[in-house]
Structures are given as C-alpha cells and as structure tokens.
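A quick write-up on the structure given underneath.
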Amino acid sequence: MTMTDDQVLSQEHRVFQQTMRRFFDKAVPESYVRDFYEGEAGFDPAMWRRLDAEFGLPGLAVPEEFGGSGAGLIELVLVMEEMGRCLLPSPFLGSAGLATSVLLRLGDTEVNTCLVPRLVSSGDFAALAVTVSSGDWSEDAVSVRAEGGGDDTFRLSGTVRFVLDGDLAPLLLVAARTTSGISLFEVEPDARGLDRQRARSLDPTRRLATVVMHDVDGRLVGHEGTAWPAIRRGLDDAALLLAAEQVGAAERCMDLSVEYARTRHQFGRPIGSFQAIKHKCADMLLRVESARSAVYAAAFALDQANPQASRAVDVAAAYSGDAFSWVAKEMIQVHGGIGFTWEHPAHWYFRRATSSAALFGSATARRRRIAAALGMPC
Amino acid sequence: MTMTDDQVLSQEHRVFQQTMRRFFDKAVPESYVRDFYEGEAGFDPAMWRRLDAEFGLPGLAVPEEFGGSGAGLIELVLVMEEMGRCLLPSPFLGSAGLATSVLLRLGDTEVNTCLVPRLVSSGDFAALAVTVSSGDWSEDAVSVRAEGGGDDTFRLSGTVRFVLDGDLAPLLLVAARTTSGISLFEVEPDARGLDRQRARSLDPTRRLATVVMHDVDGRLVGHEGTAWPAIRRGLDDAALLLAAEQVGAAERCMDLSVEYARTRHQFGRPIGSFQAIKHKCADMLLRVESARSAVYAAAFALDQANPQASRAVDVAAAYSGDAFSWVAKEMIQVHGGIGFTWEHPAHWYFRRATSSAALFGSATARRRRIAAALGMPC
Amino acid sequence: MSREWRASTFREDVRAFIARLLPRGWKGVGALPVGDVDAFVTQWRDTLATAGLLGLSWPREYGGGGLSHAEEIVLAEELARAKVPGGAPWDPMGMQMLGPTLLEWGSEAQKAHFLPRILRGEDRWCQGFSEPDSGSDLGSLSTRAVADGEFWHVDGQKVWTSSAQVADWIFVLARTSREESAHHGMSFVLVPMDQPGVEVRPITMLSGEREFNEVFFTDAVTHRENVLGPVGAGWKVAMTLLSYERSHVAATLPIQYEQEFERLLALVERRGLGRDALVRDQIAQAYTQLSVLASLGRRVKAQISQGGPPGRESQLIKLAWSEYHRDLAELAINLLGPEAMVVEGRQGPFLPYTADYPGAPISSGAWIGTLLHSRSDTLVGGTSEIQRNICAERVLGLPR
Amino acid sequence: MSREWRASTFREDVRAFIARLLPRGWKGVGALPVGDVDAFVTQWRDTLATAGLLGLSWPREYGGGGLSHAEEIVLAEELARAKVPGGAPWDPMGMQMLGPTLLEWGSEAQKAHFLPRILRGEDRWCQGFSEPDSGSDLGSLSTRAVADGEFWHVDGQKVWTSSAQVADWIFVLARTSREESAHHGMSFVLVPMDQPGVEVRPITMLSGEREFNEVFFTDAVTHRENVLGPVGAGWKVAMTLLSYERSHVAATLPIQYEQEFERLLALVERRGLGRDALVRDQIAQAYTQLSVLASLGRRVKAQISQGGPPGRESQLIKLAWSEYHRDLAELAINLLGPEAMVVEGRQGPFLPYTADYPGAPISSGAWIGTLLHSRSDTLVGGTSEIQRNICAERVLGLPR
C-alpha cells in the first residue's frame with residue numbers, strides 16, 4: 001500500500017476550472033436543463049458544437065498529433081465536475097470520456113489516425129456498446145457475437161442495453177466476442193439489422209439506448225481478440241470521469257442546501273441554525289471534499305500510469321457514487337416539501353445520483369475488485 | 001409471514017416487573033457492580049441465594065411438578081430486563097436461562113426428576129459447555145468427543161471456550177459428539193483430566209471460562225445422540241433472554257444519557273437542548289422500544305410454541321444486540337470526557353454490549369438464519 | 001340493502017365476505033392494468049357502501065354501521081390483507097379523519113348533515129393545515145378567518161393538500177384571534193370549495209404526478225355554523241383528527257409493508273440474487289426491521305385496545321416506518337442494478353406513507369415510483385427532524 | 001556529535017539512517033515485550049537527540065537542526081514508516097506543540113531558556129486547556145491568573161491533562177481579565193509544576209490505564225516573565241499551538257492507520273475470513289475510507305506546502321479520521337467474533353488519536369485496547385458534534 005506523492009492542482013488548472021465554471025454558469029442555466037425534462041429534446045447539437053468550437057473539449061485529452069489538445073485525465077476531471085454541477089445533458093461522457101478513451105488505449109496507429117480524429121472538431125460523437133442485459137461491465141458479460149469472413153468485416157448479433165447516446169451517435173462502436181476473444185467493431189448507424197431504441201431514462205438528462213443487432217455488418221477496429229485491455233482501461237477512465245461528475249453535482253446539491261438553510265425560516269429562525277440541518281450540511285461537505293480528493297488522486301495516478309491507478313479509480317468511484325447519492329437525498333430532506341416538487345431541481349440531482357450509481361458497475365462491484373486487489377483470497 | 005396476535009403484558013406482569021425493579025434498585029446499586037471491577041470477586045453466593053429465597057428466580061420457568069414456579073419465558077424476560085438494567089453479575093443467564101432450559105427441553109423424565117430439581121432452591125447452578133474454540137454455537141461446531149463403554153459412562157476429550165460460569169458451576173454439562181450424534185453429559189467438577197480456567201473477560205461482570213477435558217468421565221444425560229434439538233431450543237431461549245438483558249441495559253444507558261443531557265451545561269445551555277444530543281436520545285428511545293417489542297413478541301411466540309418462534313428469536317436477538325451496542329456507544333459520546341473514565345459506569349455498559357454482541361452467535365449469524373428461513377436459496 | 005355485522009364474529013365474517021366478492025386469482029389493485037384501476041375502485045367503493053362497510057363505527061343514525069372502532073380497525077386490516085382499498089382515494093380524509101372528529105366535536109346539526117353525505121360520496125373532503133411558511137411548524141400558520149355577521153371570511157394559503165382538485169369541502173386550521181401565541185387562537189373551519197374565493201393550483205411532484213395542491217383563499221366565505229368545535233379550540237380539534245389518522249395508519253401499514261417485502265423477495269428470486277451473501281444480509285436486515293416495527297406497532301395497538309393510554313412507543317411509529325420505507329426503497333433500487341437507470345413498466349403511483357399497490361409488478365418502474373415517493377415519507381406530516389424533537393422533548397423530557 | 005542534515009536529500013538520508021539503527025527484523029514498538037517498551041523508547045530518544053533529529057526545524061542557536069518545517073514533517077513520516085516513535089511519550093507537548101509556539105510568540109529570553117531544555121529532556125511539558133465545565137467550550141473556561149508584582153497567581157482546575165504526572169511545566173490557558181467575552185481576556189501562562197499550589201490527580205480511563213490527569217491550581221505562582229505572547233492574547237497563542245499539533249498529526253496519522261489496516265488484513269487472513277463476501281465488503285469499505293481520507297489529507301498538506309491557505313478541507317480532517325478510526329475498531333472487534341469477549345495477550349495501550357503501536361499483535365487484547373480508546377477519538381480535542389458545528393458555521397457560513 002504505497003501512497004502517491006503530493007498532488008495538487010496547479011495555478012493553470014484553477015484558471016481552467018474558473019473558465020469552465022463561468023461558461024457553464026451562463027450557457028447552462030436551470031432553464032436549459034428544464035427543457036430536457038419538459039420537452040422531447042434529448043440532444044442539443046448546438047451546445048455540442050460550442051463545447052468543441054470554444055474549448056475543444058471533445059478532443060481535450062486526445063494527443064496533439066491526432067488533432068486534440070493533449071491534456072490529461074485531470075483536465076477532463078475538471079470539465080466533468082463542472083458538467084456535473086450544472087447537469088449538462090451531453091454525449092461528452094460517453095464519447096470523449098469512454099469511446100475516445102478506449103480507441104486511444106488500443107494504441108493502434110490506424111485507429112489513432114483515422115477514427116480518433118473523427119471525434120475531434122467534427123461535430124461527431126461516438127457510443128460504445130459494451131454492456132449486456134444484466135448491465136455488468138465485465139469481460140465475461142460481453143455477449144454480442146461476431147462471426148467473421150476473411151477480411152475485416154464481421155457479422156454481429158446480440159443486444160446491448162444501457163448504451164450512452166446509443167440511439168443517436170454517428171459513430172457506433174460495439175464490443176463483441178469472436179473466436180479469438182473480445183474485439184471492437186464499428187457499425188454503420190444505418191446498417192441493416194441494426195435497431196437502436198432510446199430508453200425511458202430515470203434521468204432524462206442521461207440518454208440511454210438499447211442496441212439490438214441481427215447479423216449486422218461490423219468493421220473490425222484494431223486487432224481481433226485483443227480489445228479487452230483497452231476497453232477495461234477505457235472503462236476505468238470513464239468511471240473516474242463519472243465520479244468527477246458526481247463530485248460536481250454533489251457540491252451543487254450542498255450549495256443549494258446551504259443556501260436554502262440560510263434563508264428558510266421555521267420556528268422563527270433560519271433552519272440552518274438548527275443542529276440537525278447544520279450537521280447534515282457539514283456531512284455533505286465532508287463527503288464532497290473527500291470524494292473530490294479521491295478523484296483527483298486517481299486522476300493523477302492514471303496520468304502518471306501508476307500501477308495502482310486502477311484501484312484508485314475503484315476507490316474514487318465507489319466513494320463518489322455513494323457520496324452523491326447521500327448528498328442528493330439529504331438535499332431533498334433539507335428542502336422539505338419544496339424539494340419534493342417537480343419544479344425544484346432537487347429531483348434532477350436525485351435522479352442523476354440514482355442513475356449514476358449503477359452506471360459502469362455498482363459501488364458493491366467496485367468493492368469486490370478492491371478486496372481482490374488487497375490480496376484477499378477469493 | 002403471519003404475524004402473531006396482539007400480545008401485551010398483563011397487569012400481573014407489570015406488578016412483577018415493579019417488584020423486580022424495586023429489589024434490584026436496592027440490592028444492586030452501582031457500588032455492588034463496582035466491586036466486581038475493583039476486587040477479585042467474581043461470584044456472590046449470597047445474592048444467588050437471595051434470588052432463590054426471595055423470588056424463586058432460578059426455578060421461575062421450571063414446571064411446578066419439578067419444583068419450580070411454572071412461569072413462562074415472558075416472566076424470565078422481565079427478570080432479565082431488570083438484571084440487564086443493573087448489570088447484575090450472576091449465573092442466572094447461564095444456569096436458569098441456558099442450562100435449565102436445555103435440560104427441560106430434553107423432555108426426559110429422569111432428567112426432569114433428578115437433575116432439574118438440583119437447580120431449583122438448592123443454591124446450585126449449572127454451566128453448559130457447548131461452544132468450540134471458534135465460538136460458533138452451531139451443531140457442526142461441537143467438537144468435544146465422547147467415547148463410551150457399555151453403560152452410561154463415557155470419556156470426554158476436547159476444549160470448550162466461552163463457557164458461562166464454567167469454572168465455578170457445581171453442575172457442569174457438556175455437549176459432546178458420540179458415534180450416534182450430539183449427546184449431553186454431566187461431568188463432576190473435580191473429575192480427573194478436567195481443567196477449568198476462568199478467562200479474562202472484557203466484561204468482568206460476565207464470568208467466562210475455558211473447559212479442557214482429557215479423557216474425563218462423563219455421565220450421559222438423556223439419550224445418546226439426540227441432544228441437539230434440545231440444545232438448539234435451549235440456545236434460542238438463552239438468546240432471547242440475552243436480548244432481554246440487552247433491552248434493560250440499553251434502557252438504563254438511555255436514562256443515564258437523558259439525565260446527563262438535562263443537567264450538563266455547555267455554551268450556557270443544557271446540552272440536551274442541542275438537537276444533536278436530542279436526536280441521539282430520540283434514536284436511543286426508538287431502538288430501546290423497538291428491541292423491547294421484538295423481545296416480547298418472541299417470548300410470547302416461544303411460550304405459545306408458535307412454529308415461527310425461532311425466527312422471532314433471531315429477529316429479537318439480532319436487533320437487540322445491535323441496538324444495545326449502539327446505545328452504549330452513543331451514551332459515551334453524550335457524556336463526553338466523563339463517560340470515558342473508569343469511575344463512570346458508562347464503560348461497564350459498553351463492555352457488556354460489546355461482549356454480549358458475540359455471545360450465542362453474532363447478529364450476522366442470526367441474519368444468515370433469517371435469510372434461510374425466508375426461503376432464500378442458500 | 002345494508003347488511004348487519006356482528007362484532008363477535010366480525011373478522012371471520014368480513015374476511016369471508018371479501019373473499020367471495022373478489023375475482024379468482026385476485027392479486028391486488030397493483031396487478032390491474034393502469035387504466036382499469038379507477039373503475040375498479042369506484043365499483044369496489046359501491047360494493048363496500050352497499051354492504052354497510054363504510055363508516056362501520058359510526059352510529060347507525062348517521063348511516064354508519066353502529067359497531068366500534070375496534071371493528072373499524074379489523075375491517076381496515078382485512079381489506080389490506082385482501083389487497084383491496086377501503087374506499088376512493090379521497091375517502092380517508094372524510095371517513096378516517098373528519099368523520100370521527102365530527103363525531104367527537106361536532107354539533108348535532110353538523111353530524112346529521114355531513115356524516116351521511118361523506119358515506120354516500122356526496123361530499124369529498126380535503127385538508128388545509130400546512131402553509132408555505134409553516135411546513136413543520138404548524139404553530140406559526142397565518143391563514144385567518146374573521147367573523148362578520150353570519151359568515152366567516154377566510155384569507156390565506158394552504159399547501160400540500162391532496163385531493164383538493166376533486167374535493168367539495170376543505171377543513172381549514174385558521175387563526176381566528178389576534179393572539180399570536182403559537183397554538184392558541186386557532187379554529188377549525190369547514191369551507192366549501194365551490195366558490196370564487198377558493199382557488200386550487202395543483203403541485204406537480206418530483207415523480208411528475210399531481211397529487212398535492214396549493215389552495216388559495218381570497219375572501220372565501222363559510223357559514224358561521226361551519227366551525228367545528230369551539231372557536232379558538234382549533235388546535236385541539238386538529239390534534240384529535242391527526243390521532244385518528246395515526247391509529248388507522250398504524251394498523252394497516254405493517255400489512256402493506258409485508259406485502260411489499262414479499263414483492264422484494266420475488267425481485268431477488270427473479271434476478272437470481274438469493275445466493276449473494278451481501279444481498280442475503282441486506283434482505284435479512286430489512287426483514288428484521290420490518291418485523292421489529294410490526295411488533296412495536298402491535299404493542300401500541302394492544303395498549304390502546306386495552307383502554308390504556310398509548311405509551312411512549314406510539315410517538316415513534318411514524319418516524320420509524322418512514323425511515324424503514326425510505327431504506328427499503330433504496331435497497332430495491334440497488335438490487336435492480338443498472339435496470340434502475342431505465343423506467344420499465346408502469347411507474348408506481350403516489351400513495352403517501354405507504355407502499356405501491358399490492359400486486360404491483362416488480363419491474364423497475366414500480367420500484368422507481370416507490371423510491372421517488374419514499375423521499376416524502378420522512379417529510380410529510382412532520383419531518384423526521386421534528387419527530388425526533390418531539391420524542392426527545394415530550395417523551396424523554398429534554399429541554400426545548 | 002550532532003550530525004548535519006541537508007534538506008535536499010533529507011528523506012533518503014534519514015531513511016537510511018533509521019534503517020541502519022534498527023535491529024534486524026524490526027516490526028515496531030508494538031511487537032516488543034511490554035516490559036521492554038520504556039527502555040527502548042528512552043534509548044531511541046537518546047539516539048535521535050545524538051543524531052540531531054530532535055527539534056529539527058528549530059534554529060541551531062537553541063539546539064535545533066536549523067532545517068525547515070517541511071523536513072520536520074518528512075522526519076515524522078519516515079519515523080512513522082519505520083515504526084519507531086519520535087521521542088518520549090511526553091515529547092509531543094514540548095517538541096511539536098510548545099516549541100514551535102515559543103518560536104512564534106516567545107521572547108528571546110524565553111526561547112533561549114526553554115527550547116534547549118526541551119530538547120535535552122530537562123523540561124517535560126503538559127497542557128492545561130480543558131476544564132471540567134468547559135469541555136468542548138474552551139471559551140467558557142474559568143481558571144484565573146492574577147498579576148501581583150513580579151508574579152502571577154493561578155487558581156482553578158484543568159482536566160484531561162496527559163503526562164501531568166511526569167511533567168515539570170504546564171502551559172495554561174487562563175483568564176486574566178474580568179472581561180467575560182468568550183475568547184478575550186485570556187493569557188497563555190507557563191507554570192512550574194513542582195510547587196505546593198499545583199496538585200495532580202490521575203484520572204483512570206475506561207481501559208483501566210492512567211494517562212490523563214486533573215490538575216488543581218491553588219494560589220500557584222509563576223514569574224511574570226512566564227507569559228507567552230502578550231497578556232490577553234492567550235486565545236491566539238493557543239490556536240497557534242493547536243494548529244502545529246494538527247499539521248503534525250495530519251502527516252503521520254495516515255501512515256499509522258495504513259499500518260493498522262495491514263494488521264486488520266492479517267487478522268482476516270489468520271482467522272480465515274477472507275472468503276466471506278460480507279467481510280470482503282466491509283474490508284473494502286474500510287480501505288476505501290482510509291484511502292479517501294489519506295487523499296484528503298495529502299490535498300491539505302500540499303496546499304500548505306505550496307504556501308497557500310489551508311482550504312476548507314483542513315477543518316474536516318480531525319472529524320473524518322476520528323470517525324474512521326472508531327468504525328475500524330468496531331470492525332476489528334466484529335471480526336474477532338466471540339474472541340472479543342476475552343482479553344487475550346496484552347491490551348492495547350492508550351495513544352490519543354492514533355492506532356495501537358505498529359507491530360502490535362493481532363490477538364484480542366490489542367484490538368480491545370483500540371476499541372476502548374477509540375471512543376475518545378470523537379471526544380478529545382472537540383467532540384464530533386462541535387467539529388460539525390465549526391464546519392457548518394465557519395466553512396459553509398450557516399448561522400450559529
């Protein structure tokens with residue numbers, strides 16, 4: 001159990017953070033999110049273009065040689081915190097966080113020079129279909145089968161649920177099992193035998209889809225049978241980014257609670273002067289700052305290719321998921337009746353927290369991995 | 001899942017309860033318990049005689065035909081609550097609660113007419129050695145071996161830990177495995193090859209011993225190979241009585257905490273006016289009354305031979321153990337520094353709670369049984 | 001047509017009666033297609049009315065069954081066991097809350113007028129207690145009723161009023177004297193809804209449903225005879241009403257929660273989670289809590305039925321059940337795993353304080369509904385924080 | 001004999017130095033026979049003193065090492081990693097708390113007199129802050145110091161004073177003006193223990209050990225030059241002192257807790273519990289908490305070492321660690337099962353805020369000691385309740 005060395009945000013990081021905060025404060029007010037609840041909209045192409053045009057966010061962590069900005073996971077983490085704070089509905093997590101990360105981690109020149117640049121400054125985004133109906137993000141759980149001919153074209157069959165933006169993404173990547181193991185495939189959005197259905201999300205700002213394939217043509221991405229390590233590492237990256245999003249969202253819940261507790265009066269006093277409320281807010285603070293510390297530590301560990309980075313991700317993900325869920329729930333309690341209305345944003349965060357707790361694997365599953373990593377006999 | 005019918009204490013029960021409360025308030029003040037902490041004393045024969053002479057407590061639940069008072073488990077529960085309240089150090093639980101119960105549940109005429117009466121109005125008490133070194137109170141865990149000749153005399157070998165009053169009890173009963181199964185034996189206290197060592201208890205008011213046997217003569221009690229069902233049911237009875245003791249002790253912790261919170265001032269106010277303390281006390285009340293309800297319900301179920309009585313005992317035992325532990329811990333927190341001193345009785349209750357949580361099996365083990373009883377596949 | 005019920009054999013009789021009426025293989029209202037629920041409930045209310053099972057404990061002169069509160073509770077239990085409702089969704093306000101309170105505090109004229117109308121379904125009632133600035137702090141409410149000749153004039157705003165959109169009358173706790181002390185100077189005023197001075201605005205809840213409302217009074221009027229109990233005694237009358245609600249809820253809640261727990265076991269079995277040691281422990285913990293609270297509830301009920309005062313345990317019931325249910329909903333959602341991200345099947349409806357309808361499916365939508373609504377369990381009717389204050393102050397005597 | 005240490009290579013140098021001195025197979029003080037601990041610690045303190053590793057950040061003119069606070073922290077970390085103490089049990093009071101505070105607030109004469117004596121072990125110090133009626137509420141303390149010519153006269157009572165029975169001096173926070181406002185009118189007074197006006201009565205703790213004391217002042221006297229900082233600035237001086245304590249603890253605690261966690265893993269392995277899914281989840285939860293709090297601590301440390309103000313996270317550290325450690329002790333006891341009923345082996349000694357000595361056995365006695373003492377973690381130095389108040393009020397700005 002070696003601890004990593006001191007790691008802390010640089011001055012540049014703080015400036016970047018403030019830039020993002022200012023942008024999202026203005027570009028994503030409550031009314032913006034409300035539209036996703038009230039209307040049928042589920043994706044805002046204009047916003048996606050702005051993220052690219054103004055900040056190059058889709059390519060933020062893509063090396064410069066492939067068209068990106070060459071930043072690290074820590075910068076992605078800072079972005080995700082801000083997106084979580086305002087609950088931005090966006091393909092950012094699924095595309096920049098997960099799919100791009102998996103592609104890069106394949107370490108394949110052709111992929112890097114052909115596919116990856118498509119996800120930078122093109123307006124395109126990607127979806128990665130890797131779960132199965134049980135929603136387990138593990139190697140064993142990959143159930144789509146790919147049968148191949150002599151060339152790089154395979155025929156894919158199977159169902160994948162809970163695919164982030166899976167019904168919309170112009171670039172659809174599918175993890176499937178061939179005779180030689182897990183491989184990655186690109187599937188054309190309009191391919192024959194492909195059915196993509198948007199799911200009725202608990203959290204309307206998190207777009208999920210079920211992807212059904214019957215003998216769908218898929219083009220091999222990278223080498224056959226060798227995709228799992230890249231997917232596994234990409235899932236680690238995505239889990240960490242999800243944790244960062246949870247930190248930002250949880251902090252916003254805390255801020256809303258503190259603000260309400262300061263101004264709402266009952267029994268002739270602001271409710272924030274009652275210890276029960278006060279202590280709840282203190283516990284929110286403890287969880288938010290603890291989660292943030294774990295997320296930063298894991299991001300630095302991943303960026304430095306620390307051999308224990310994966311365990312650090314498990315720790316950050318398990319903790320942040322639980323922390324956000326707790327904070328979101330207690331926010332409703334602090335708000336009393338008003339927190340229980342459709343109108344108040346409290347439930348948006350509660351829905352996001354509940355939904356996120358199950359994305360990429362539960363806290364319990366992460367703890368199973370931690371126990372194994374600690375060398376406990378299985 | 002059928003609920004039992006309404007069950008509530010009768011007026012007679014309440015009178016009995018008050019009688020016991022008055023007796024113990026007077027006979028077992030703090031100074032009485034303190035002697036068990038300060039001195040070498042570990043058993044008070046005079047008190048044991050008084051419990052018998054004044055109230056017939058050792059034979060309370062023994063049928064009248066065998067010399068007892070013929071009361072039910074509910075009466076024993078009421079006694080145990082009061083003993084828990086004052087933390088009476090006594091062989092009552094091990095002898096009247098466990099050993100006598102096992103003997104009666106053997107349903108053997110000879111046992112009932114010869115052995116049982118020895119435990120009523122004689123000043124004698126019994127210890128039952130049934131655990132193994134791992135402290136698991138299950139059938140599989142019985143590891144003492146008995147090798148028999150033609151008559152009722154066997155030779156016993158093995159080690160039993162955590163035997164209530166095992167070093168002192170004039171009547172020593174041992175559960176051992178013969179070729180035909182678990183059997184019960186009586187061992188003479190001065191038998192050759194028998195070694196009884198008092199253990200250094202975390203809770204000095206709970207006397208525990210390790211009993212080591214090398215080819216010790218044991219006289220068969222009841223029939224060979226058929227003792228387990230009686231032991232199992234006796235352990236249920238004892239677990240319920242332990243739970244009752246926990247309820248009484250937990251309530252006393254609550255009373256001490258409330259009293260302290262009313263009188264101790266900090267920041268110019270009684271600390272009981274702060275919500276953090278107030279809510280802790282409310283949670284103590286919730287746990288105490290919930291535990292008591294579960295214990296009474298299980299006692300009525302056992303007394304009525306309800307087929308689900310055993311599950312009710314598991315529920316009461318699991319809940320009461322956790323409840324007492326929680327209340328004892330929070331009592332120290334409410335008391336602040338003073339609760340952390342040797343002088344203050346808070347730690348007596350904390351020790352009793354910690355120790356009791358492991359006696360007759362943990363709450364986790366009880367929940368394993370509950371899950372099985374709910375029909376979940378194992 | 002109303003049949004006679006005998007107290008001595010009431011439980012057996014009513015159980016047999018219900019069993020005879022229900023369709024074969026009846027699984028509960030929750031198993032009906034969503035669109036059929038209203039029709040079933042309407043028809044079922046008629047059945048109960050015809051059988052003399054509405055207002056069972058009310059005097060026969062007011063259209064009731066003439067039995068005691070004990071049989072009323074038995075009926076509630078048997079209906080819950082049979083997985084059928086005790087009336088229409090708005091009936092509890094009139095039948096379980098206002099009715100008994102009228103019997104205790106009402107004038108002869110009030111009883112003779114209102115009680116039969118409640119049973120016949122001619123008057124639907126709703127409750128006007130909470131206000132926007134007096135959520136957990138009823139003592140501070142500011143809706144006023146001012147007497148002027150034959151009428152009271154009511155001004156103010158109430159909130160969290162269920163069924164207001166269908167109600168004919170509202171019972172309002174209003175300040176009727178200038179005295180500012182918290183619990184004095186209030187009166188319990190019955191106000192007709194169908195007048196220009198009363199405006200109802202539905203509140204959409206976090207689940208998207210509209211069960212609660214805001215009710216605005218702008219010079220609303222009601223006749224001076226529509227004060228229940230003495231002028232200035234409103235707080236006492238309101239407390240009477242709430243105690244009737246509590247005893248009813250205490251009797252039926254354990255049964256509903258047992259049925260819900262069985263649905264949870266079915267979920268575990270369907271998902272094949274029963275061998276997971278962690279899940280087993282969580283399920284056993286939930287069962288332990290359920291079982292313990294049911295015992296606590298029975299102890300309270302038995303004390304009351306023995307005629308004794310409800311002990312200090314009674315104050316704990318609402319607090320304990322609400323937190324149990326909140327935790328159970330979270331457990332169910334955790335067991336669903338990623339399925340909880342997607343609403344499959346119907347979404348569980350809003351039922352304050354209680355589980356989803358018995359017989360509800362075990363698909364994610366039903367449990368998501370339960371999860372969303374369970375967040376109100378620890379808020380509605382006094383937050384858990386207030387409940388703990390009350391326990392500590394009134395039961396344990398800690399200083400305010 | 002004192003050797004020179006260089007800042008640039010300090011960590012490597014001191015690590016090698018310690019490694020060379022320790023016996024082969026060194027497992028930590030906790031692995032020594034109980035009777036050998038005192039002798040080892042005394043000898044080890046001499047070794048550190050000889051090597052110039054006491055008062056590392058103090059100026060050389062006062063006998064210190066002339067390095068910075070950063071090296072002091074590195075030294076503390078390396079000693080903790082090597083499972084050896086940084087001095088005698090009473091040294092932290094003088095070396096980590098009073099020493100740096102003297103350097104910040106003391107007169108030249110005070111520094112020249114007291115600092116070398118602390119390092120040479122000639123003066124042992126103890127702390128007089130808490131009072132019987134001012135546990136978590138230091139603002140209300142009532143011990144008074146009154147100036148009379150050349151002397152201050154001290155009257156009152158302090159409590160929870162560790163090492164008072166072996167100390168030569170006590171630093172006392174005393175009221176020195178009639179002004180009753182909470183944090184004003186206090187001074188920080190250094191009082192010699194060896195005089196008739198000072199009486200020490202040991203307090204036996206719930207574990208049976210005697211680590212804390214009551215200290216009674218009855219017209220105790222100290223020279224007027226023994227006030228540290230300006231008269232009336234006692235509160236500020238005391239806060240300086242506490243902040244030094246906190247930064248030291250923040251650096252070493254994670255290391256000690258990691259070592260303790262490894263003992264817990266050893267316990268799980270020895271008891272064969274590693275395949276139990278519930279135990280695995282509990283262990284993973286504990287590890288998650290440990291790891292998260294270590295990250296939080298490093299973030300605070302890094303901010304401080306970057307010269308920035310400690311962020312709002314720093315206020316959380318004590319609260320979080322104390323509750324972590326309390327929970328960990330309970331987990332260990334649960335894992336022991338029935339063995340926890342009996343004290344086997346030595347009982348873990350009292351070490352406020354920290355784990356048992358590194359290298360301690362995994363038998364029940366050690367964990368029972370940890371359990372008993374961990375109950376004080378959430379009390380000593382401000383209860384968790386007070387810590388939460390402070391977080392909410394000072395960090396989040398909630399009203400008092």
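Hydrogens, waters and symmetry mates are skipped; everything else that's a heavy atom, side chains included, is used. Letters A, B, ... are given to chains in the order of the sequence lines, protein chains preceding strands, and every chain is numbered from 1.
Only the side chain of A/Leu208 comes within less than 4.5 Å of a heavy atom of chain C; its backbone N, CA, C and O stay farther away. At a 4.5 Å heavy-atom cutoff, the contact between A/Ile338 and chain C is made by backbone atoms alone. Heavy atoms closer than 4.5 Å to chain C are found in the side chain of A/Phe350, but not in its backbone. Of the two parts of A/Arg368, only the side chain, counted from C-beta on, holds a non-hydrogen atom closer than 4.5 Å to a non-hydrogen atom of chain C. Both the backbone and the side chain of C/Ser384 come within contact range of chain A, each with at least one heavy atom under 4.5 Å from a heavy atom of that chain. For C/Asp276, the part lying under 4.5 angstrom from a heavy atom of chain A is the side chain only.
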- Task: Evaluate salt bridge (Lys or Arg N to Asp or Glu O under 4.0 Å) for C/Glu330 paired with A/Lys329, printing each intermediate quantity in order.
- Result: CA-CA 11 Å; C/Glu330 288 175 27; A/Lys329 284 181 280 200; 2.8 Å; yes
- Item | Test side chain to side chain contact (heavy atoms under 4.5 Å, CB included) applied to C/Arg210 and A/Trp342, step by step | CA-CA 9 Å; C/Arg210 294 177 167 200; A/Trp342 179 262; over 6 Å; no
- Task: In sequence, state the C-alpha distance, the side-chain angles, and the governing distance for C/Val342 and A/Leu202, and then conclude on side chain to side chain contact (heavy atoms under 4.5 Å, CB included).
- Result: CA-CA 5 Å; C/Val342 167; A/Leu202 163 62; over 6 Å; no
- Walk me through it: do A/Thr364 and C/Asn334 pass the test side chain to side chain contact (heavy atoms under 4.5 Å, CB included)? CA-CA 10 Å; A/Thr364 310; C/Asn334 284 340; over 6 Å; no
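Annotation: maximal heavy-atom pairing with chain C below 4.5 Å, among A/Ser362, A/Gly337, A/Ala276, occurs at A/Gly337. Ranked by heavy-atom pairs shorter than 4.5 Å toward chain A, the options C/Ile203, C/Leu371, C/Val380 are led by C/Leu371. Ranking A/Gly336, A/Ala357, A/Ala365, A/Ala363 against chain C, the residue ahead of the rest is A/Gly336, based on heavy-atom pairs under 4.5 Å. In terms of heavy-atom pairs under 4.5 angstrom with chain C, the leader among A/Ile271, A/Asp203, A/Ile332, A/Ile277 is A/Ile332. The greatest number of non-hydrogen atom pairs below 4.5 Å with chain A, out of C/Arg271, C/Glu209, C/Met341, is found for C/Met341. Comparing C/Leu278, C/Asn389, C/Leu372 by how many heavy-atom pairs each has under 4.5 Å with chain A, the most go to C/Leu372.
Look at C/Glu385 and A/Lys280 and you find a salt bridge, because one of the NZ, NE, NH1 or NH2 atoms lies within 4.0 Å of a carboxylate O, short of that distance.
Using non-hydrogen atoms only and a strict 4.5 Å limit, no part of residues 393-400 of chain C faces chain A.
Between C/Arg375 and A/His347, the closest side-chain pair of non-hydrogen atoms is not below 4.5 Å. Here the side chains of C/Glu339 and A/Arg161 are in contact, with some heavy-atom distance below 4.5 Å.
Other residues, nucleotides and ligands contribute only 12 or fewer heavy atoms inside 6.0 Å of the CZ atom of C/Arg270.
Rounding to the nearest 0.5 angstrom, the gap separating the CG atom in C/Leu379 from the NE2 atom in A/His335 is 11.5 Å. Rounding to the nearest 0.5 Å gives a distance of 6.5 Å between CZ of A/Phe340 and CZ of C/Phe212.
Taking both residues in full, the closest heavy atoms of C/Pro338 and A/Ala358 are given as CA-CB, 3.6 Å, listed atom of the first, atom of the second, then distance. Listed here is the closest heavy atom pair of A/Thr354 and C/Ile333: CG2-CG2, 3.7 Å. Of all heavy-atom pairs between C/Leu206 and A/Arg351, the closest is O-NH2, 2.7 Å.
Looking at A/Glu343, its side chain never comes within 3.5 Å of a backbone N or O of C/Thr204 through a donor-acceptor pair.
Between the side chains of C/Thr378 and A/Gln333, at least one donor N or O sits under 3.5 Å from an acceptor N or O.
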